[in-house]
Novice: 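First the structure, then my questions, so here it is.
Naming convention: chains lettered A, B, ... in sequence-line order (proteins, then strands); numbering from 1 in each chain.
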Amino acid sequence: MNFKRPRGTADILPEDQPHWSHVYSAARKVAQQFGYQRIDTPAFEDTSLFQRGVGDETDIVQKEMYSFEDHGGDSITLRPEGTASVCRAYIENGLHNGPQPVRVFYLAPMFRYERPQAGRVRQHHQFGVEAIGDESAEVDAEIIELGWKYIAALGIKNVTLRLNTLGDPEGRADYINDLDRYFTEHADQLPVVDRNRLERAPLRVLDSKAPETQALADAAPKSVDYVGGESKDHWETLLGLLDNLKSIYPEFSYRIDHRLVRGLDYYNRTVFEYEPLDAGGQGTLLAGGRYDPLIGILGGVDTPGIGFGSGIERMILEMKKQELVVKGSNGPDVVVVALGDVGTAAARLAMGLRASDISTILAPKRSMKAQMRYANNLGAANVVILGDREIEQGVVSIKSLAEDGGQSEVTLDAVSIAEHVRLNQTRCVGNGTAGDR
RNA sequence: GUGGCCGUAGUGUAGAGGUAAACACGCUAGGUUGUGGCCCUGGAGGCGAGGGUUCAAUUCCCUCCGGCCACCCCA
């Protein structure tokens with residue numbers, strides 16, 4: 001019986017790594033550009049953190065968390081998302097004592113017990129950002145801008161922003177009442193799933209996938225109409241800033257979607273999602289929102305916050321779908337080919353070259369032809385050939401594997417060889433032939 | 001969690017109730033004496049797992065596992 005990886009997990013093989021590094025470096029670069037600093041929190045937390053943060057009732061807690069009891073009898077949960085942990089860290093480490101808002105980002109695996117599909121796995125990875133300690137609409141716009149820059153940095157096109165405002169808890173009660181009444185009046189037109197949803201989470205009926213519900217939802221009361229006062233100013237300021245963003249990036253577009261909601265109580269005001277224009281089922285690339293009540297719920301002093309999370313697997317899927325080319329990794333500068341019985345001289349030479357910062361691989365002990373082929377298949381820039389003859393004469397043969405590569409002899413001495421290899425490289429770069437290496 | 005489609009070497013595909021399961025790419029070894037890519041010739045490697053029907057199953061049936069799709073949910 002062979003071992004298999006657990007359901008919904010993936011091996012990220014060397015051939016996939018270029019995509020991952022591309023995404024990671026874009027994320028770090030964009031975060032840095034906006035002044036967000038990295039934070040890492042544990043992969044698991046007390047179960048109660050997520051129960052509080054997410055709400056006991058939901059399916060999330062009921063069936064989607066990886067929870068278990070550890071040897072000490074504590075209930076532990078593999079983190080299903082990043083926000084709760086970051087907020088816990090903010091409270092626990094007294095981050096409110098520094099300049100506010102605290103701007104942080106994370107790149108981390110998340111765990112959810114789900115039925116897998118493409119872009120939906122049990123262990124997935126997220127890039128997320130949080131800005132905690134500032135309730136102004138400018139920060140909302142900043143987060144949305146950051147998300148935009150991130151997607152753009154990946155080269156992904158044809159993405160649009162959907163957004164909505166959920167108002168504040170006070171106004172929301174009225175809204176949910178009216179919404180509830182509206183759908184209850186039309187309950188006979190709702191499919192069974194949505195009638196159940198109506199009882200559990202009226203807001204969720206809005207983003208139902210059933211066509212008959214969608215028609216109803218379009219005419220349902222809109223949360224925007226229930227926001228007033230500061231919340232309304234906040235919303236209008238945000239829209240103004242987004243218009244400005246649009247004037248800077250012509251590709252940027254947004255659409256107010258009255259049916260965009262969140263199932264969790266702690267979200268308020270701004271909610272948003274980026275998705276491809278031709279989005280199918282698992283389409284959302286990045287989703288975020290404001291969660292001003294959360295830190296209070298978690299036991300901290302009331303502190304506003306906003307952030308987003310974005311699944312890296314989905315981004316890579318989308319990049320592949322859009323046929324974006326990501327450069328693969330380069331081969332080594334040198335493969336050392338050893339001929340005949342040269343003892344350990346070849347291995348010593350490889351060490352010496354690495355000591356001189358030349359990336360070097362020692363070819364496996366095979367025929368010369370096989371070693372050459374090996375070097376070629378690795379995409380090596382040069383081979384350094386070392387045999388009895390070379391040792392006798394105190395030289396090595398260096399051959400460039402470029403199309404029109406030549407061969408020359410250099411003193412058998414790591415430093416001289418390293419120098420020669422570097423010269424070769426600069427010459428190639430000068431020619432522009434190795435610009436993509 | 002519900003319903004559906006699917007599961008043949010590393011990858012992509014072909015195949016038939018019955019002796020050696022095919023092809024391409026990839027991997028590997030050679031094509032004489034120390035030179036890669038192209039070409040030629042070899043080699044390794046497989047019917048997801050378990051059970052059942054049958055004289056005989058990779059092929060039919062069941063269960064499980066896994067993938068994909070839709071739903072539930074989606075922090």
Novice: When the distance from CG of N382(A) to C1' of rU35(B) is rounded to whole Å, what number comes out?
Specialist: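 Distance check: N382(A) CG to rU35(B) C1' gives 14 Å.
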Novice: Tell me: CZ of R314(A) to P of rA75(B), nearest whole Å?
Specialist: 10 Å
Novice: Using the P atom as the point on both nucleotides, what is the distance between rG17(B) and rC74(B), in whole Å?
Specialist: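 It works out to 49 Å between them.
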Novice: CG of L298(A) versus C1' of rA75(B): gap in Å, rounded?
Specialist: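 Rounded to the whole Å, the gap is 12 Å.
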Novice: Pairing check on rU58(B): which nucleotide meets the Watson-Crick or G-U wobble criteria with it, both distances under 3.5 Å?
Specialist: none
Novice: Please tell me if R204(A) has a side-chain N or O lying less than 4.0 Å from either OP1 or OP2 of rA75(B).
Specialist: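 Yes, such a contact exists.
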Novice: Which part of the nucleic acid, if any, lies within reach of Y291(A) when heavy atoms closer than 4.0 Å are counted: base, sugar-phosphate only, or nothing?
Specialist: nothing
Novice: Quick one: side chains of residues 100-110 of chain A, donor-acceptor pairs under 3.5 Å with protein atoms, not counting sequence neighbours, listed by atom name and distance.
Specialist:
residue: Q100(A); atom: OE1; partner: Y90(A); partner atom: OH; Å: 2.6
residue: Q100(A); atom: NE2; partner: L95(A); partner atom: O; Å: 3.0
residue: Q100(A); atom: NE2; partner: H96(A); partner atom: O; Å: 3.4
residue: Q100(A); atom: NE2; partner: G98(A); partner atom: O; Å: 2.9
residue: R103(A); atom: NE; partner: E142(A); partner atom: OE2; Å: 2.7
residue: R103(A); atom: NH2; partner: E142(A); partner atom: OE1; Å: 2.9
residue: R103(A); atom: NH2; partner: E142(A); partner atom: OE2; Å: 3.4

Novice: Taking salt bridge (charged side-chain N to carboxylate O under 4.0 Å, His left out) as the definition, give me every residue that meets it alongside R373(A), ordered by chain and number, with sequence neighbours left out.
Specialist: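 Counting only residues at least two positions away or on another chain, R373(A) forms no salt bridge (charged side-chain N to carboxylate O under 4.0 Å, His left out).
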Novice: So do the side chains of L386(A) and I391(A) get within less than 4.5 Å of each other, counting heavy atoms only?
Specialist: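 Answer yes - side chains close enough.
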Novice: Phosphate oxygens OP1/OP2 of rA70(B): is one of them under 4.0 Å from a side-chain N or O of Q117(A)?
Specialist: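 True: Q117(A) side-chain N/O within range (under 4.0 Å) of rA70(B) OP1/OP2.
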Novice: Need to verify one output field. Residue with the more 5' nearest nucleotide on RNA chain B, T83(A) or Q407(A)?
Specialist: Q407(A)
Novice: If you take atom types as modelled and just measure distance, does the side chain of E390(A) reach the base of rG34(B) with a donor-acceptor pair under 3.5 Å?
Specialist: yes
Novice: For M110(A) and rC74(B), what is the distance between atoms CE and C1' respectively, to the nearest whole Å?
Specialist: 14 Å
Novice: Contact class for G8(A) (heavy atom, under 4.0 Å): base, sugar-phosphate, or nothing?
Specialist: sugar-phosphate
Novice: Sort out the partner of rU53(B) for me: Watson-Crick or G-U wobble, both distances under 3.5 Å, none otherwise.
Specialist: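 Across all strands, not a single nucleotide pairs with rU53(B).
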Novice: Of all heavy-atom pairs between R172(A) and L166(A), which one has the smallest distance, and what is that distance?
Specialist: NE-O, 3.3 Å
Novice: If we take the P atom in both rU11(B) and rG48(B), what is their distance in whole Å?
Specialist: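 The same atom, P, in both gives a distance of 12 Å.
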Novice: Is there a Watson-Crick or G-U wobble partner for rC68(B) with both distances under 3.5 Å, and which nucleotide is it?
Specialist: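 In the structure as shown, rC68(B) has rG4(B) as its Watson-Crick or wobble partner.
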Novice: When all nucleic acid strands are considered with a 4.0 Å heavy-atom cut-off, which category describes V383(A): base, sugar-phosphate, or nothing?
Specialist: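 Nothing, no nucleic acid heavy atom in range.
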Novice: If the C1' atom of rU19(B) is compared with that of rC6(B), how far apart are they to the nearest Å?
Specialist: 31 Å
Novice: Take R112(A) and E64(A) through the test salt bridge (charged side-chain N to carboxylate O under 4.0 Å, His left out) and record every step on the way to the result.
Specialist: CA-CA 5 Å; R112(A) 300 177 189 179; E64(A) 288 196 15; 5.8 Å; no
Novice: Consider the side chain of K4(A), meaning its heavy atoms from C-beta on, and name the nucleotide among rG36(B), rG48(B), rA75(B) that approaches it most closely.
Specialist: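 Nucleotide nearest to K4(A)'s side chain: rG48(B).
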Novice: Hey, does the side chain of R7(A) come within less than 4.0 Å of rG67(B)'s phosphate (OP1/OP2), counting only N and O?
Specialist: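 Checking rG67(B) against R7(A), a side-chain N or O does come within under 4.0 Å of OP1 or OP2.
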Novice: Across the strands shown, which category fits Q126(A) at heavy-atom distances under 4.0 angstrom: base, sugar-phosphate, nothing?
Specialist: nothing
Novice: R366(A) side chain N/O closer than 4.0 Å to the phosphate oxygens (OP1, OP2) of rU28(B)?
Specialist: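 Answer yes for this pair, as a side-chain N or O of R366(A) is under 4.0 Å from OP1 or OP2.
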Novice: Looking only at heavy atoms, which two atoms of P80(A) and T77(A) are closest? And how far apart?
Specialist: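 Reported closest heavy-atom pair: CD-CG2, 4.5 Å.
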Novice: Hey, which of Y36(A), Y24(A), Y150(A), W20(A) is the one that makes ring pair (Phe, Tyr, Trp, His ring centres under 6.0 Å) with F127(A)?
Specialist: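 Answer to the ring pair (Phe, Tyr, Trp, His ring centres under 6.0 Å) test with F127(A) among Y36(A), Y24(A), Y150(A), W20(A): Y150(A).
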Novice: Consider the side chain of K63(A), meaning its heavy atoms from C-beta on, and name the nucleotide among rU35(B), rC72(B), rG31(B) that approaches it most closely.
Specialist: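 Closest nucleotide among those given: rC72(B).
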Novice: Assess whether one donor atom and one acceptor atom, taken from the side chain of R120(A) and the base of rC68(B), lie less than 3.5 Å apart.
Specialist: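 Not at all, since no donor on one side and acceptor on the other fall under 3.5 Å apart.
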Novice: Report yes if a donor N or O on one partner sits less than 3.5 Å from an acceptor N or O on the other, where the partners are the side chain of Q371(A) and the base of rU35(B); otherwise report no.
Specialist: no
Novice: Looking only at side-chain N and O atoms, does S367(A) come under 4.0 Å of OP1 or OP2 in rA29(B)?
Specialist: no
Novice: rA22(B) pairs with which nucleotide, Watson-Crick or G-U wobble, both distances below 3.5 Å?
Specialist: rU13(B)
Novice: Is the phosphate of rG34(B) approached by R389(A) (side-chain N or O, under 4.0 Å from OP1 or OP2)?
Specialist: no
Novice: Is there a salt bridge (charged side-chain N to carboxylate O under 4.0 Å, His left out) between R262(A) and E273(A) once you walk through the steps?
Specialist: CA-CA 11 Å; R262(A) 287 284 127 91; E273(A) 294 186 3; 2.6 Å; yes
Novice: With RNA chain B as reference, determine whether N376(A) or R5(A) sits nearer its 5' end, using the nearest nucleotide of each.
Specialist: N376(A)
Novice: Take atom CG in D70(A); do more than 12 heavy atoms of anything else shown fall under 6.0 Å from it?
Specialist: yes
Novice: Run the side-chain hydrogen bond (donor to acceptor under 3.5 Å, both in side chains) check on D134(A) and S136(A) step by step: do they pass?
Specialist: CA-CA 6 Å; D134(A) 191 322; S136(A) 66; 2.8 Å; yes
Novice: Distance between the C1' atoms of rC27(B) and rG34(B), in whole angstroms?
Specialist: 25 Å
Novice: Please write out the pairs of protein N or O atoms and N or O atoms of nucleotides 3-6 of chain B separated by less than 3.5 Å, giving the distance to one decimal.
Specialist:
residue: rG3(B); atom: O6; partner: R115(A); partner atom: NH2; Å: 3.3

Novice: Does a nitrogen or oxygen in the side chain of K209(A) sit under 4.0 Å from OP1 or OP2 of rC71(B)?
Specialist: yes
Novice: Go ahead and name the base partner of rA44(B); Watson-Crick or wobble counts if both distances stay under 3.5 Å, otherwise write none.
Specialist: none
Novice: Is the distance from OP1 or OP2 of rC27(B) to the nearest side-chain N or O of N377(A) less than 4.0 Å?
Specialist: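 Answer yes for this pair, as a side-chain N or O of N377(A) is under 4.0 Å from OP1 or OP2.
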